[in-house]
2 protein chains.
Amino acid sequence: MKSKKPTRPDTRERILDVSEELFANGSFASVSVRSVTSRADVNLSAVNYYFGSKQGLFQAVYVRRATQMNHERVHLLHEAEEKAQAEGRNVSLRELVSAMLTPPIFWLCDEEKGFSVYIRFLARAYLEEASDMDNVLRQEVDVFDRFVPFFKKIDPELSEEDIYWRIHFMMGVMHHTINHLDRISILSHKACKRGSREEILERLVKFCCDGF
Amino acid sequence: MKSKKPTRPDTRERILDVSEELFANGSFASVSVRSVTSRADVNLSAVNYYFGSKQGLFQAVYVRRATQMNHERVHLLHEAEEKAQAEGRNVSLRELVSAMLTPPIFWLCDEEKGFSVYIRFLARAYLEEASDMDNVLRQEVDVFDRFVPFFKKIDPELSEEDIYWRIHFMMGVMHHTINHLDRISILSHKACKRGSREEILERLVKFCCDGF
DNA sequence: TTATGTTTAAAACATACGTTTAAAAACTTA
DNA sequence: TAAGTTTTTAAACGTATGTTTTAAACATAA
């Protein structure tokens with residue numbers, strides 16, 4: 001007698017969870033609404049009911065966690081700023097790079113929460129049709145703008161163009177690392193394992209700092 | 001009376017050209033066979049006739065230029081090796097990095113030939129379903145293996161794992177740069193233009209060398 | 001020319017897709 | 001309970017998809 005289905009108030013969240021994962025592993029076009037609803041054990045119409053369209057669902061997946069992640073980045077920046085002020089020095093390059101990379105990398109390696117999946121989703125979203133994803137980029141740009149003055153203070157000789165190019169390169173390393181984390185074992189003939197969250201972050205931050 | 005259609009022996013190539021471009025701008029699933037054949041001004045069945053299936057077409061697009069590009073990389077490596085030997089020194093880090101990055105970057109900026117499109121296609125192909133694309137990766141891995149001893153000679157303290165990670169990071173920077181070349185103008189508020197082929201290559205090589 | 005193999009053409013097939021509709025079910029509030 | 005709102009369900013719609021089929025057009029060589 002327990003087969004009676006009650007209304008589940010978490011339907012919306014379950015759809016988001018499932019599609020976050022599917023969109024992280026495949027392109028927008030390759031993920032069907034039906035594959036989402038069936039895996040979420042939800043009626044087909046639920047997607048259109050809650051999100052209007054497939055495109056609306058995609059954007060909702062993005063929005064759900066984007067704000068939080070960029071807040072974390074700014075928070076780390078402020079922490080580093082205060083610490084530096086207390087010690088009467090500039091914010092170090094390492095602190096800056098770390099503030100930008102730590103949230104996504106930590107999320108990535110946090111299997112507990114669903115954040116891990118989101119980071120892969122995000123890296124993939126960057127490659128979707130430009131017009132749809134420009135808004136996504138905008139928010140990150142605004143965050144990065146707050147970092148630029150600090151980079152400039154470290155090396156006043158750097159032009160803004162130099163700084164933007166290097167931030168751009170940093171994001172490249174990060175997104176690529178995220179998307180190909182499992183493939184690196186192929187590349188190295190199983191020589192190196194994925195490694196812990198701290199290990200990856202350490203390698204990444206070092207590479208980016210030296211690149212800067 | 002010129003509307004009589006002769007047999008066009010270039011049908012196969014035209015299909016490859018068009019799909020290379022479409023696959024460079026969109027995911028595998030988002031590109032329809034019909035969009036390919038109509039833009040190539042070719043009958044719908046031609047794709048299945050020449051390539052068996054859509055998947056076959058995709059792989060054919062990859063294979064057409066992959067071998068050539070990796071040959072170019074190895075060629076540059078040999079050139080650097082001979083020059084270094086003649087001068088009685090080791091191959092420099094810069095020469096190694098340059099040998100790996102120059103072919104794709106030069107191709108990327110070469111609007112004349114169709115190579116430019118191929119590089120973008122390639123970067124996108126890396127994100128397609130793993131099982132289909134592992135063969136694609138295999139070839140690059142084999143090429144990179146030939147570079148490893150030279151990196152080791154430069155810095156014998158480096159472990160193989162270190163080297164593979166850094167090669168991995170390099171490819172990340174490159175692919176990301178390729179895929180987001182137009183977006184960098186957004187990121188920098190139009191502060192920096194795309195720049196010439198040499199400029200991009202120079203920035204990229206420098207960043208990667210320093211990262212190493 | 002005729003015969004043979006290759007390439008193009010148009011149509012149809014079966015299926016999968018995103019979305020809509022309309023009614024039933026579950027929940028909320030009075 | 002009764003009325004009203006929100007959520008879930010099943011079915012259908014129209015369209016787009018990859019692929020197959022069958023025949024016509026072409027090229028080449030005997």
Side-chain angles (χ1 to χ4, degrees), chain A residues 1-23 25-62 64 121 124-125 128-129 131-133, chain B residues 1-23 25-62 64 121 124-125 128-129 131-133:
Chain A
M1 191 70 58
K2 72 169 174 179
S3 67
K4 224 13 166 357
K5 255 190 195 167
T7 43
R8 288 171 307 187
D10 59 336
T11 299
R12 211 188 110 103
E13 288 296 312
R14 306 242 315 291
I15 293 176
L16 285 174
D17 288 341
V18 168
S19 41
E20 188 174 62
E21 183 170 335
L22 291 181
F23 283 140
N25 293 327
S27 66
F28 178 77
S30 77
V31 174
S32 71
V33 175
R34 281 175 172 83
S35 71
V36 170
T37 54
S38 78
R39 278 188 50 150
D41 193 28
V42 154
N43 189 270
L44 172 62
S45 317
V47 162
N48 294 84
Y49 176 74
Y50 281 105
F51 307 101
S53 66
K54 185 187 180 184
Q55 186 71 42
L57 168 62
F58 190 86
Q59 303 216 19
V61 171
Y62 165 71
R64 182 166 64 149
F121 161 84
R124 205 175 264 278
E128 292 295 335
E129 205 70 29
S131 54
D132 297 326
M133 276 292 114
Chain B
M1 191 71 58
K2 70 171 177 181
S3 67
K4 216 67 143 329
K5 255 188 195 171
T7 44
R8 288 171 307 186
D10 59 334
T11 300
R12 210 188 110 104
E13 288 297 310
R14 307 242 315 292
I15 293 176
L16 285 175
D17 288 340
V18 168
S19 42
E20 188 174 62
E21 183 170 336
L22 292 181
F23 283 139
N25 293 327
S27 65
F28 177 79
S30 77
V31 174
S32 70
V33 175
R34 282 174 171 82
S35 71
V36 170
T37 55
S38 78
R39 278 190 48 152
D41 193 27
V42 154
N43 189 270
L44 172 61
S45 319
V47 162
N48 293 83
Y49 176 73
Y50 281 105
F51 308 101
S53 66
K54 185 187 180 184
Q55 185 72 40
L57 169 61
F58 190 85
Q59 302 216 17
V61 170
Y62 165 71
R64 182 167 62 151
F121 161 83
R124 204 175 266 277
E128 290 296 334
E129 204 70 29
S131 55
D132 297 326
M133 276 292 114

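We use all heavy atoms of the structure for the numbers below, so side chains are in, but hydrogens, waters and symmetry mates are not.
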Inset, instruction - Check side chain to side chain contact (heavy atoms under 4.5 Å, CB included) between A:Ser38 and all other residues, then give those that pass, not counting sequence neighbours. - result: none

Under the side-chain hydrogen bond (donor to acceptor under 3.5 Å, both in side chains) test, which residues partner [X], sequence neighbours left out?
X       : answer
A:Ser27 : A:Ser30, B:Ser27
A:Ser45 : A:Asn43
B:Ser53 : none

Legend entry - salt bridge (Lys or Arg N to Asp or Glu O under 4.0 Å) partners of residues 26-39 of chain A, not counting sequence neighbours, each pair once: A:Glu21-A:Arg39

Legend entry - Difference in axis direction between the ends of the helix from C:dT1-D:dA30 to C:dA30-D:dT1, five pairs, 10°: 10°

Legend entry - Partners passing ring-ring contact (aromatic ring centres under 6.0 Å, His included) against A:Phe51 (at least two apart in sequence or in another chain): none

Legend entry - Sugar-phosphate only, base, or nothing, as touched by B:Val31 at under 4.0 Å among non-hydrogen atoms: sugar-phosphate

Inset, instruction - Return each pair, listed once, that meets ring pair (Phe, Tyr, Trp, His ring centres under 6.0 Å) where at least one residue sits in residues 25-44 of chain A; pairs must be two or more places apart or across chains. - result: A:Phe23-A:Phe28, A:Phe28-A:Phe58

Legend entry - Side-chain N or O of A:Tyr50 closer than 4.0 Å to phosphate OP1/OP2 of D:dT8: yes

Legend entry - Under 4.0 angstrom between A:Ser53 side-chain N/O and C:dG18 OP1 or OP2: no

I'd like a list of close polar pairs between nucleotides 14-16 of chain D and the protein, N/O only, cut-off under 3.5 Å.
none

Legend entry - Nearest-angstrom distance from the residue atom CZ of A:Arg14 to C1' of D:dT7: 14 Å

For nucleotides 20-24 of chain D, list the nitrogen or oxygen atoms of the protein found under 3.5 Å from its nitrogen or oxygen atoms, one pair per line.
from, atom 1, to, atom 2, distance (Å)
D:dT20, O4, B:Ser45, OG, 3.4

